[in-house]
Protein chains: 2
Amino acid sequence: MADEVKSPLCPRDLKLPGFVPGFLSQSTILAVYGSSSFLVVFFMWILSGRFHKKSKVNRVLMCWWIFTGLTHIILEGYFVFSPGFYKKTTPHYLAEVWKEYSKGDSRYAGRDSGVIAVEGITAVLEGPACLLAVYAIATKKSYNYILQVAICLGQLYGTAVYFITSILEGDNFAASPFYYFAYYVMANIWWVIIPTIIVIHCWKKICAAVNFQEQRKAKKG
Amino acid sequence: MADEVKSPLCPRDLKLPGFVPGFLSQSTILAVYGSSSFLVVFFMWILSGRFHKKSKVNRVLMCWWIFTGLTHIILEGYFVFSPGFYKKTTPHYLAEVWKEYSKGDSRYAGRDSGVIAVEGITAVLEGPACLLAVYAIATKKSYNYILQVAICLGQLYGTAVYFITSILEGDNFAASPFYYFAYYVMANIWWVIIPTIIVIHCWKKICAAVNFQEQRKAKKG
């Protein structure tokens, strides 16, 4: 019976009635995520090259925003709205992703409220905002920089809450040190590094624009 | 014995060994917070009037930022770094504030990790950033708008996590409907309404500046 399967997750006393172990191997899960992400990024790189006067920086940003936006909406959106993913008896790809990821952080299978709150905001608000950022960069909207800053700060705040709550609760949610570093640390660290770089980039652009406007006003005045 | 005092907080099974009920009345606590806040805001209003060409909007913003900044640093900072505030046997004002507020949300006394994470980010990062915002507005720094947006989004994200985690955990942390509305809802709703207004205000300013710069560039080009 499914109920009798002991979950391989940590902490060992975590109760997951109806837990069904994953069917797909780690390499299969990563290969599907990696290759579909590659296709999306490749498609965006080609498409962005067709826009008039798009700098390489903006093309890279568009690739990042489409990748992270789809990750937020599809992967994280599935997690938020599928509380019973760990009971799936058939190899549903998205359920498999979260069964596998839960080895690095069992709070996902355990439906920790902090994790759901952060993932919910990420999937419902930030995901669509990322797609809007692709559009805003492509069409040179005046709100493109501030939108990018807003999303990045949301990602950084979410990651901060994610790591701080884990530390406060004993930092004991990984099945092994390997999963701790490979999933919990390595899969999340990019959402600290890249948003930080983008915030700095866009922050400078905004300050330059505000400065430019102030100087012109001062000249006129 | 202090250990035997049953806490008046909700849920009733919340364990708070060593809990000591508050000494100060609700009206005393509010009077101290209200009058000291009034003094700070009054002082800032007078001071901001001495700056050259400060619009009324910017003067109101400076008053808000000094008020919310000091609230974050002093009140919320005390909470974050005083895990045993509910055991205080003498009437320490800041401990009294949180003993009283815990009637509206017992997760404060219960050291809920989501609440501590949000309050920690608010007290340590956003509090000092609010004081920087006062300085940035006073000295017309080019980063003043983006800084204000960044802090407001942090406050909005924090409040979202705060409310969502409570709902996910059963929304049963208030000692009575009065405390639920007076403390949990009313004391927090201002940090939803005011940051939203400021984000819209600064967002428009930034877009206008970016637009202005783009148009000038286009004219030259």
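Lettering follows sequence order; numbering is per chain, from 1. On a predicted model such as this, the values are computed, not experimentally measured, just so you know.
- For A:Tyr33, the OH atom sits in a packed shell: over 12 heavy atoms of surrounding residues, nucleotides or ligands are nearer than 6.0 Å.
- Most heavy-atom pairs under 4.5 Å with chain A: of the set B:Ile164, B:Ile121, B:Leu125, B:Ile116, this distinction falls to B:Ile121.
- The two residues B:Leu168 and A:Ala117 make their nearest non-hydrogen contact at CD1-N, 4.1 Å.
- Heavy atoms of B:Leu147 lying under 4.5 Å from chain A belong to its backbone as well as its side chain.
- Put simply, the side chain of A:Tyr157 does not reach to within 4.5 Å of the side chain of B:Leu156, judged on heavy atoms.
- Ranked by heavy-atom pairs under 4.5 Å with chain B, the first of A:Ala208, A:Gly120, A:Ala160, A:Ala150 is A:Ala150.
- Looking at B:Leu153, only its side chain comes within 4.5 Å of chain A, counting heavy atoms on both sides.
- Rounded to the nearest 0.5 Å, atoms CD (B:Glu169) and CZ (A:Arg111) are 13.0 Å apart.
- The closest side-chain heavy-atom distance from A:Ile206 to B:Tyr145 is not below 4.5 Å.
- For B:Val161, the parts lying near chain A are the backbone and the side chain together; criterion is any non-hydrogen pair under 4.5 Å.
- Within a 6.0 Å radius of OH in B:Tyr135, other residues, nucleotides and ligands contribute 12 heavy atoms or fewer.
- For B:Gln215, no part lies under 4.5 angstrom from a heavy atom of chain A.
- Counting heavy-atom pairs closer than 4.5 Å to chain B, the top residue among A:Cys207, A:Gly158, A:Gly114 is A:Cys207.
- Rounding to the nearest 0.5 angstrom, the gap separating the CZ atom in B:Phe212 from the CZ atom in A:Phe212 is 6.0 Å.
- Among A:Val149, A:Val118, A:Ile167, A:Ile146, the residue making the largest number of heavy-atom pairs under 4.5 Å with chain B is A:Ile146.
- B:Phe163 does not touch chain A: none of its heavy atoms, backbone or side chain, sits under 4.5 Å away.
- For the atom pair B:Glu214 CD and A:Lys140 NZ, the distance stands at 6.0 Å (nearest 0.5 Å).
- Smallest separation of non-hydrogen atoms from A:Gln213 and B:Ala209: OE1-CB, 3.3 Å.
- If you take OG on A:Ser142 and CG on B:Asn211, they are separated by 4.5 Å, rounding to the nearest 0.5 Å.
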